[in-house]
Amino acid sequence: MINITLPDGSVRQYQKGINSYDIALSISEGLARNVFAAEVNKAMWDLERPINNDATVRLITWNDDEGKDIFWHTSAHLMAEAIEILYPGVKFGIGPSIETGFYYDVDFLDYAISSDDFKKIEDKMAELVAQKQPIVRKEVSKAEALSYFEKKGDEYKVELIRDLEDGTITFYQSGDFVDLCRGPHLPNMGFIKAIKLLNLAGAYWRGDEKRKQLTRIYGVTFPKKKELDEYLLLLEEAKKRDHRKLGKEMELFTFSQKVGVGLPIWLPKGAALRERLENFLKKVQKEYGYQQVICPHIGNVELYKTSGHFQKYGADSFRPITTPQEGEEFFLKPMNCPHHCEIYASKPHSYKDLPLRIAEFGTVYRYEQSGELHGLTRVRGFTQDDAHIFCTPEQLEEEFCKVIDIVLYIFKTLDFKEFTAQISLRDPDNKEKYIGSDENWQKAEDAIMHAAKQRNLNTTVEIGEAAFYGPKLDFMVKDAIGRKWQLGTIQVDYNLPERFDLEYIGSDNLKHRPIMIHRAPFGSMERFVAVLIEHTGGNFPLWLTPTQAIILPISDKYQEYAEEVCKKLSKMDVRVTIDDRSEKTGKKIRDAELQKIPYMIIVGEKEMNENSVSIRQHGVGDLGSMTIDGFATLINSQIEELLSSE
RNA sequence: GCCGUUGUAGCUCAGUGGUAGAGCGCUUCCUUGGUAAGGAAGAGGUCACGAGUUCAACUCUCGUCAAUGGCUCCA
């Protein structure tokens with residue numbers, strides 16, 4: 001007999017050699033039906049693998065993250081099996097599960113494959129599911145593994161096996177399809193009740209753009225049809241919120257081929273929205289002791305040689321601008337930091353001047369490969385809500401905390417409720433990738449960790465993701481439908497102060513090197529507005545939205561009164577327009593609702609006589625009538641309440 | 001940059017080797033209507049661009065550009 005410890009701490013006795021399925025069955029039949037695999041002494045095991053010693057066992061179902069991982073990983077095998085049957089001779093790369101679903105990289109040889117083939121593959125997968133094929137694990141020696149795939153002619157698997165250690169290699173077989181795989185897997189394919197192949201893309205073998213490009217097929221599966229339907233609905237919802245679509249519909253921004261790809265053009269409504277965001281941040285920053293500066297859009301090549309950016313990125317930048325006579329070279333500004341370093345260097349500093357916080361909405365230009373461009377989130381010209389803080393080592397942590405406070409205030413104001421802070425540290429085994437002394441790195445990393453802890457941030461740590469000049473903290477927010485976006489960033493930099501030879505006189509009357517903090521709470525205006533559009537679905541908060549209210553006269557007879565109301569409200573800082581078309585009220589309401597305008601003001605005979613307005617709220621309905629002043633107060637107090645809730 | 005897909009009216013999209021279509025929007029007229037679509041008429045297109053095949057190309061082929069889904073990249 002062996003002792004099995006379950007997650008609730010209870011210990012049960014079983015015959016030696018029992019498997020996790022039978023353990024599940026001994027608990028309940030329902031559990032046994034739903035269990036995929038088990039965590040045995042912290043390792044993931046297949047259900048049917050016998051347990052011969054005392055162990056701690058956690059049964060894994062769909063409700064566990066590991067369960068989804070197993071489910072989708074098995075689904076990748078299922079798809080590969082179907083593909084192998086339909087396209088004999090194809091070769092397989094890797095086929096992992098991903099955050100939602102799975103993919104498999106396939107070398108389709110001479111087969112021409114397109115999304116039209118998905119139906120065929122899905123049908124074959126369903127057919128295999130109906131057979132409830134068992135998935136069988138087999139331990140093989142490295143020699144056996146190599147010989148199998150060499151014989152099969154699959155050089156990708158052979159390459160993978162070469163990197164593995166003998167004695168750790170397992171195969172998984174379903175039907176005639178055999179794959180190199182660590183597992184674990186579902187006990188059989190019968191669990192996979194709903195299948196959808198989503199898209200198809202090129203993907204380099206092992207992510208190396210010099211190597212062969214395989215065809216990657218993405219798919220998603222679920223244990224219940226209903227869950228697939230819900231997922232597809234979510235995709236629909238995401239499509240509706242797409243900032244590129246809404247940005248066009250709401251006339252916020254546009255692109256022009258003649259102006260150039262990846263160069264967003266802000267239309268009046270979008271520009272006004274952006275300006276409100278900028279003013280909001282400027283006001284906050286002023287309270288935190290920042291000073292605004294303005295720098296030119298180009299910089300002499302020497303500036304970037306000093307900063308080191310020329311050496312690192314010069315070849316991948318827009319080509320330099322040269323003067324016709326003197327042969328000077330300028331680069332379009334790809335970041336604001338070197339300019340700001342020169343501002344610091346423009347006069348001597350005492351420790352009493354620090355921290356110096358200089359801020360700029362700085363427009364920068366970066367060459368991005370054409371295939372990278374995406375709406376407002378990846379562009380070639382954008383404006384950073386940038387600032388650089390020059391401080392003493394003693395001030396670093398406090399300054400860092402203050403930046404976190406600004407970011408938290410912004411998130412709160414803009415209703416981003418869920419977020420995590422990703423702390424990127426350097427890879428200690430790869431120190432040559434970074435510059436600066438161990439001591440400084442240690443100090444900077446400690447400062448970030450302490451600051452994050454002090455502000456109670458929910459953090460994740462990524463080793464090796466630091467910038468080459470220092471560690472950083474990036475905020476990842478979850479939007480209203482659960483998608484993750486990277487927004488603000490805070491970085492600690494020991495490098496640029498060194499390169500620009502920046503210094504201050506300390507209390508000891510000696511020269512010291514300041515530390516620089518780079519920070520952009522929004523990231524960039526473009527990216528932030530894009531995320532805001534997708535987060536709100538275009539229903540911006542009242543203080544930001546382009547049009548806060550629209551006046552709908554019941555008929556042309558009340559046009560004059562409508563104009564009077566419009567004038568009065570505008571004077572009280574309400575952004576209001578009039579729908580003066582000769583349409584019925586129902587039509588005007590419908591259009592205003594579709595335009596996502598927060599308030600509709602209906603005026604007719606009754607309102608004109610009473611000198612009042614009838615209000616309808618977007619997505620809510622009729623709010624009844626009130627005075628014009630009353631409505632302006634309603635709107636302005638709502639905004640005030642939100643913006644003063646620090 | 002690489003692989004796949006797409007490109008028809010301002011927008012969303014049908015369509016065919018033989019004179020270019022719908023809905024919405026726009027203009028004009030009728031209607032003056034009280035909380036999600038009143039009616040009629042009209043304007044609007046080098047079918048992304050360039051070559052080729054053909055008696056004939058928006059349609060087929062090739063190329064270019066752009067958008068798009070990924071990959072790689074992201075100071």
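Computed from heavy atoms alone, side chains included, the values below leave out hydrogens, waters and symmetry copies. Chain naming here is simple, since letters A, B, ... match the order of the sequence lines and numbering starts at 1 in each.
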Can you identify which nucleotide, out of [options], has its nearest atom closest to the [X] side chain?
| X | options | answer |
| --- | --- | --- |
| Leu200(A) | G69(B), G4(B), A75(B) | G4(B) |
| Pro334(A) | G38(B), A75(B), G34(B) | A75(B) |
| Lys248(A) | C11(B), G69(B), U35(B) | C11(B) |
| Lys587(A) | C71(B), U32(B), G38(B) | G38(B) |
| Ser582(A) | G69(B), U32(B), A75(B) | U32(B) |

Find the partner of [N]: check Watson-Crick (N1-N3 plus N6-O4 or O6-N4) and G-U wobble (N1-O2, O6-N3) distances, both under 3.5 Å, and reply none if neither fits.
| N | value |
| --- | --- |
| U28(B) | A40(B) |
| C2(B) | G70(B) |
| G45(B) | none |
| A9(B) | none |
| A51(B) | U61(B) |

Does [X] use its side chain to pair, donor to acceptor, with the backbone of [Y] at less than 3.5 Å?
| X | Y | result |
| --- | --- | --- |
| Tyr104(A) | Ile83(A) | no |
| Arg527(A) | Gln486(A) | yes |
| Glu360(A) | Cys295(A) | yes |

Ring-on-base stacking A75(B) with Tyr313(A) (under 5.5 Å, under 30°):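 So Tyr313(A) counts as stacking on the base.
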Counting the atoms with a prime plus P, OP1 and OP2 as sugar-phosphate, which does [X] contact under 4.0 Å by heavy atoms, base, sugar-phosphate, or nothing?
| X | answer |
| --- | --- |
| Glu605(A) | base |
| Tyr103(A) | nothing |
| Lys588(A) | nothing |
| Ser307(A) | nothing |
| Gln559(A) | nothing |
| Glu593(A) | base |
| Gly586(A) | sugar-phosphate |
| Val261(A) | sugar-phosphate |
| Asn199(A) | sugar-phosphate |

Checking side chain to side chain donor-acceptor pair (under 3.5 Å) between Trp205(A) and each of Glu155(A), Glu159(A), Gln213(A), which is the one that passes? Glu159(A)
Distance, [atom1] atom - from [M] to [N], rounded to whole angstrom:
| N | M | atom1 | answer |
| --- | --- | --- | --- |
| G63(B) | A22(B) | C1' | 33 Å |
| A40(B) | G52(B) | P | 48 Å |
| A48(B) | G42(B) | C1' | 28 Å |
| A20(B) | U28(B) | C1' | 25 Å |
| U19(B) | G4(B) | C1' | 36 Å |
| A37(B) | C24(B) | P | 14 Å |
| G21(B) | G39(B) | P | 24 Å |
| U12(B) | G7(B) | C1' | 14 Å |

Can you find an N or O donor on one side and an acceptor on the other, under 3.5 Å apart, linking the side chain of [X] with the base of [N]?
| X | N | answer |
| --- | --- | --- |
| Glu372(A) | G70(B) | no |
| Gln213(A) | C2(B) | yes |
| Arg378(A) | C74(B) | yes |

Whole-Å distance separating the [atom1] atom of [X] from the [atom2] atom of [N]:
| X | N | atom1 | atom2 | result |
| --- | --- | --- | --- | --- |
| Ile121(A) | G4(B) | CD1 | P | 16 Å |
| Lys584(A) | U35(B) | NZ | P | 11 Å |
| Glu583(A) | G25(B) | CD | P | 8 Å |
| Arg581(A) | U27(B) | CZ | C1' | 14 Å |
| Gln422(A) | C74(B) | CD | C1' | 14 Å |
| Tyr469(A) | A75(B) | OH | P | 7 Å |
| Lys239(A) | U12(B) | NZ | P | 13 Å |
| Glu251(A) | G25(B) | CD | P | 15 Å |

If the threshold is 4.0 Å, N to carboxylate O, is there a salt bridge linking Lys240(A) and Glu236(A)? no
Does a side-chain N-to-carboxylate-O contact under 4.0 Å join Asp316(A) and Arg366(A)? no
Is any side-chain N or O of [X] closer than 4.0 Å to OP1 or OP2 of [N]?
| X | N | answer |
| --- | --- | --- |
| Tyr218(A) | C71(B) | yes |
| Arg244(A) | G69(B) | yes |
| His374(A) | G69(B) | yes |

Leu396(A) to Ala447(A) - nearest heavy-atom pair and separation: CD2-CB, 3.7 Å
Of Arg216(A) and Gln257(A), whose closest RNA chain B nucleotide lies nearer the 5' terminus? Gln257(A)
Nearest-nucleotide comparison on RNA chain B, the residue closer to the 5′ end among Leu594(A) and Leu214(A):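 The answer here is Leu214(A).
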By the definition ring pair (Phe, Tyr, Trp, His ring centres under 6.0 Å), identify the one residue from Phe475(A), Phe361(A), Phe528(A), Trp485(A) that meets it with Phe522(A).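 Checked Phe475(A), Phe361(A), Phe528(A), Trp485(A) against Phe522(A); only one passes ring pair (Phe, Tyr, Trp, His ring centres under 6.0 Å): Phe528(A).
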Classify the ring geometry of Phe253(A) against His243(A): parallel below 30°, tilted from 30° to 60°, perpendicular beyond 60°. tilted
